[in-house]
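Remember, predicted model here, so these are calculated numbers, not experimental data. Just so it is clear, the values below take in all heavy atoms, side chains as well, and ignore hydrogens, waters and symmetry mates.
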Amino acid sequence: MRDFYGVTLPSGLMLGTAQYPSPAVMQAAFADSGASVATVSLRREAGQGQAFWDIIRALDVHVLPNTAGCHSAREAVTTARMAREVFETNWIKLEVLGHADTLQPDPFGLLEAAETLAAEGFEVFPYTTEDQVLAQHLLEAGCKVLMPWGAPIGSGRGLNNPYGLRTLRAAFPDVPMVIDAGLGLPSQATAAIEMGFDAVLLNTAVAQAGDPAAMARAFGLAVQAGALARAADPMEPRDMAAPSTPLIGKAWL
């Protein structure tokens, strides 16, 4: 597992903490998934108060506050500053949304906010697209992690642009990357890890499943399977069939 700002995570699964039927269900999902990071929105924490923060602490995972719902660099920077005070961490998942329907990142606002926060000592996890030019600018701004989307947030569509994601991964082989948003099935998480991404982050697919704890466990196992397959050096696709049974010793009639 690659380092994230000097922290080596035991699992490549990151889970959100919103939309669960109850705090108990959320706790069960984290316990069954083996997730190593919990993302928390400052807005949600403020609404739940100290009790919710106590629950998050009890999960015994790394906390990644996020600026969910922010639509300008100024709003995201202000939210990040407050989150650092509340959660006592320099980690911040930076979201600056630019489109109301797709929740696609605003590349201009994202870069502006990333530059400001990195200069203030934040360790920024930017929610971005598979755009390589934007990725380069984010890295130059001080980001040491990239979080490209798989698909629009909450859509469950998986990896919408495999080619773009593969080329992004290949362009920056030494940069830790997390597929963030859009995953709906464990198989999609496996595909992301097999592709070379270091982790996946999801919320809706687990929180809104009929059995969140069971789905969380499935995602945890899927991430493990993807990592094992990647490490095993999988075969390359072929254009033609290749028989697995040797012809030597075959009976000729």
Spell out, yes or no, whether [X] and [Y] are grouped together once hydrophobic residues are joined by side-chain heavy atoms under 4.5 Å, including indirect joins.
{"X": "V86", "Y": "V40", "result": "yes"}
{"X": "L13", "Y": "I153", "result": "no"}
{"X": "L111", "Y": "L97", "result": "no"}
{"X": "I179", "Y": "M215", "result": "yes"}
{"X": "W91", "Y": "V124", "result": "yes"}

So which atom in [X] and which in [Y] form the shortest heavy-atom distance, rounded to 0.1 Å?
{"X": "V96", "Y": "A73", "answer": "CG1-N, 4.0 Å"}
{"X": "F4", "Y": "P176", "answer": "CE2-CB, 3.8 Å"}
{"X": "A29", "Y": "P212", "answer": "CB-O, 4.1 Å"}
{"X": "V37", "Y": "F30", "answer": "O-CE2, 3.8 Å"}
{"X": "A113", "Y": "A76", "answer": "CB-CB, 4.5 Å"}
{"X": "V133", "Y": "D131", "answer": "N-OD1, 2.8 Å"}

If you round to the nearest 0.5 Å, how far is [atom2] of [Y] from [atom1] of [X]?
{"X": "F219", "Y": "Q224", "atom1": "CZ", "atom2": "CD", "result": "14.0 Å"}
{"X": "N203", "Y": "M14", "atom1": "CG", "atom2": "CE", "result": "14.0 Å"}
{"X": "E236", "Y": "D233", "atom1": "CD", "atom2": "CG", "result": "8.0 Å"}
{"X": "W53", "Y": "I55", "atom1": "CH2", "atom2": "CD1", "result": "12.0 Å"}
{"X": "R74", "Y": "T78", "atom1": "CZ", "atom2": "OG1", "result": "6.5 Å"}
{"X": "D180", "Y": "T128", "atom1": "CG", "atom2": "OG1", "result": "10.0 Å"}

Distance-only criterion, 3.5 Å: show the donor-acceptor pairs between side-chain atoms of residues 138-149 and protein atoms not counting sequence neighbours.
unit_1	atom_1	unit_2	atom_2	d
E140	OE2	Q136	NE2	3.2
W149	NE1	E130	OE1	2.9

| task | Check step by step if side chain to side chain contact (heavy atoms under 4.5 Å, CB included) holds for T129 and Q104. | result | CA-CA 8 Å; T129 66; Q104 179 171 330; 4.1 Å; yes
Can a donor-acceptor pair be found, under 3.5 Å and without considering hydrogens, that links the side chain of [X] to the backbone of [Y]?
{"X": "S155", "Y": "A151", "result": "no"}
{"X": "E75", "Y": "H71", "result": "yes"}
{"X": "S33", "Y": "A216", "result": "no"}
{"X": "T17", "Y": "T39", "result": "yes"}
{"X": "S22", "Y": "V25", "result": "yes"}
{"X": "D3", "Y": "Y5", "result": "no"}

| field | From CA spacing to verdict: salt bridge (charged side-chain N to carboxylate O under 4.0 Å, His left out), D198, R230 | value | CA-CA 11 Å; D198 302 287; R230 180 73 179 179; over 6 Å; no
| query | Is a salt bridge present between K93 and E95, judged by a nitrogen-to-oxygen distance below 4.0 Å? | reply |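 A salt bridge links K93 with E95.
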| query | Do E120 and R81 meet the salt-bridge criterion of a basic N to acidic O distance under 4.0 Å? | reply |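 Yes, this pair counts.
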| task | Given side chain to side chain contact (heavy atoms under 4.5 Å, CB included), test S36 with V61 step by step and report yes or no. | result | CA-CA 5 Å; S36 56; V61 297; 5.6 Å; no
| message | When you compare the side chain of L159 with that of L183, does any pair of heavy atoms fall below 4.5 Å? | response | yes
| task | Determine, step by step, whether Y20 and V206 satisfy the side chain to side chain contact (heavy atoms under 4.5 Å, CB included) criterion, reporting the C-alpha distance in whole Å, the side-chain angles of both residues, the deciding distance to 0.1 Å, and the verdict. | result | CA-CA 8 Å; Y20 291 86; V206 168; 3.8 Å; yes
For residues 184-197, which side-chain donor-acceptor pairs fall under 3.5 Å, sequence neighbours excluded?
unit_1	atom_1	unit_2	atom_2	d
Q188	OE1	G184	N	2.6
Q188	OE1	L185	N	3.0
T190	OG1	P186	O	3.3
T190	OG1	A222	O	3.0

| request: Begin from the C-alpha positions of F125 and L94 and carry the test side chain to side chain contact (heavy atoms under 4.5 Å, CB included) through to its verdict. | output: CA-CA 6 Å; F125 293 66; L94 180 59; over 6 Å; no
| request: Take atom CZ of R84 as the centre, draw a 6.0 Å sphere, and report whether it contains more than 12 heavy atoms from other residues, nucleotides or ligands. | output: yes
